[in-house]
Amino acid sequence: AIIALIDGIVSDVSARIEKHLRRTILRTTQTVILPLRQFKPVISLDCAPVTSITSIKYASKPSGLATATAMTDGDDYVLEDSTSGLVRFLVEMPYYNQVQPAYLQVVYVGGMATDTDDFIATWPDIARAADIQCAYEYQRRNTPGGNVTQGNGSTSFTKDLDLLDGVKSTLSPYRRVLI
């Protein structure tokens, strides 16, 4: 039962840290369809850092993406900043300057690490912050959001379980800025 509790805490803390960072922890292949904003020559991919872009297709409707021709890396677009997942378009697309929406289908590989060991080796301060958060939550396992009284003593937690301020400050430099 204790192993299941610890596994649950680790999973929950990992998910909350991933959400706080606005990044995907494990590196995977992603396929996303994004609306293209008028007069905006850049997009920011969610699963940063981006390892590679397999293809980018462009069409006036999502249904047209299946038959659209892939754009050319270096001629039509460039991965300007792999750390933030910033892609800059170098060509003007026919629907780009119109009020009508247009869509991009981006297939790419992104995420912070290939597995847990890679994550700990690459991002040791984030891993340590996760350890601290897990230990704190294990300590509070019986009082996740309230007060407890035992015998003549009591313990009071005035707020619900959340990421510790020290953990948030450790994560802050790695938090993805939304563009």
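- When atom types are taken as modelled, the side chain of Ser169 and the backbone of Gly166 share a donor-acceptor pair closer than 3.5 angstrom.
- In the hydrophobic clustering of this structure, Ile56 groups with Val91; members are Ile, Leu, Val, Met, Phe, Trp, Tyr whose side-chain heavy atoms approach within less than 4.5 Å, directly or through other members.
- Cluster membership for Val50 and Val32, using ILVMFWY side-chain heavy atoms within less than 4.5 angstrom, is shared.
- Within the 3.5 Å criterion, the main-chain N or O of Tyr138 finds a donor-acceptor partner in the side chain of Arg141.
- The heavy-atom pair separating Met112 from Ile126 by the smallest distance is CE-CD1, 3.9 Å.
- Ile33 and Leu104 fall into different hydrophobic clusters, defined by Ile, Leu, Val, Met, Phe, Trp and Tyr side-chain heavy atoms under 4.5 Å apart, directly or through other members.
- Here the side chains of Asp162 and Lys168 are in contact, with some heavy-atom distance below 4.5 Å.
- Contact between Leu21 and Leu171 at its shortest, heavy atoms only, is CD2-O, 3.6 Å.
- There is a path of hydrophobic side-chain contacts, each under 4.5 Å, that joins Val13 to Leu5.
- Contact annotation: the side chain of Asp76 never approaches that of Phe89 to less than 4.5 Å [non-hydrogen atoms, C-beta and beyond].
- Heavy atoms of other residues, nucleotides or ligands lying less than 6.0 angstrom from CD1 of Ile3 number 12 at most.
- How far CH2 of Trp123 is from CZ of Arg23: 6.0 Å, rounded to the nearest 0.5 Å.
- The salt bridge (charged side-chain N to carboxylate O under 4.0 Å, His left out) contacts involving residues 42-68 comprise Asp46-Arg176, where partners must be two or more places apart or lie in separate chains.
- Pairs of residues two or more places apart, or lying in two chains, never qualify as salt bridge (charged side-chain N to carboxylate O under 4.0 Å, His left out) while including a residue from residues 25-34.
- Atom CZ of Arg175 has more than 12 neighbouring heavy atoms from other residues, nucleotides or ligands inside a 6.0 Å radius.
- Taking the side chain as every heavy atom from C-beta outward, Leu45 and Gln30 never approach each other to under 4.5 Å.
- Closest heavy-atom contact between Ala129 and Val167: O-CG2, 3.5 Å.
- In this structure the side chain of Leu164 reaches within 4.5 angstrom of the side chain of Ile132, judged on heavy atoms.
- Side-chain contact between Val87 and Val106 is absent, with no heavy-atom pair separated by less than 4.5 Å.
- Minimum interatomic distance between Tyr103 and Leu65 (heavy atoms only, all atoms of both residues): O-CD2, 3.8 Å.
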Using salt bridge (Lys or Arg N to Asp or Glu O under 4.0 Å), reason through Arg88 and Asp81 one step at a time and then give a plain yes or no. CA-CA 9 Å; Arg88 179 169 303 280; Asp81 182 6; over 6 Å; no
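- Note: the hydrophobic cluster containing Tyr174 does not contain Ile120 (ILVMFWY, side chain heavy atoms under 4.5 Å, direct or indirect links).
- Partners of Arg16 according to the salt bridge (charged side-chain N to carboxylate O under 4.0 Å, His left out) rule, which considers only residues two or more places apart in sequence or in another chain, are Asp12, Glu137.
- Taking each heavy atom of Asp125 and Thr170 in turn, the nearest pair found is O-CG2, 3.5 Å.
- No donor-acceptor distance shorter than 3.5 angstrom exists from the side chain of Gln105 to the backbone of Ala59, with no hydrogens or angles considered.
- In terms of heavy atoms, Asp75 sits closest to Leu90 at O-CB, 3.6 Å.
- Considering OG of Ser14 and CD of Gln133, their distance stands at 10.5 Å, rounded to 0.5 Å.
- The backbone N or O of Cys47 lies less than 3.5 Å from a partner atom in the side chain of Tyr108, making a donor-acceptor pair.
- Two residues are said to be in side-chain contact when any heavy atoms from C-beta on lie closer than 4.5 Å; Tyr77 and Ile53 meet this criterion.
- In this structure, SG in Cys134 is found 7.0 Å from CD1 in Ile17, a value given to the nearest 0.5 Å.
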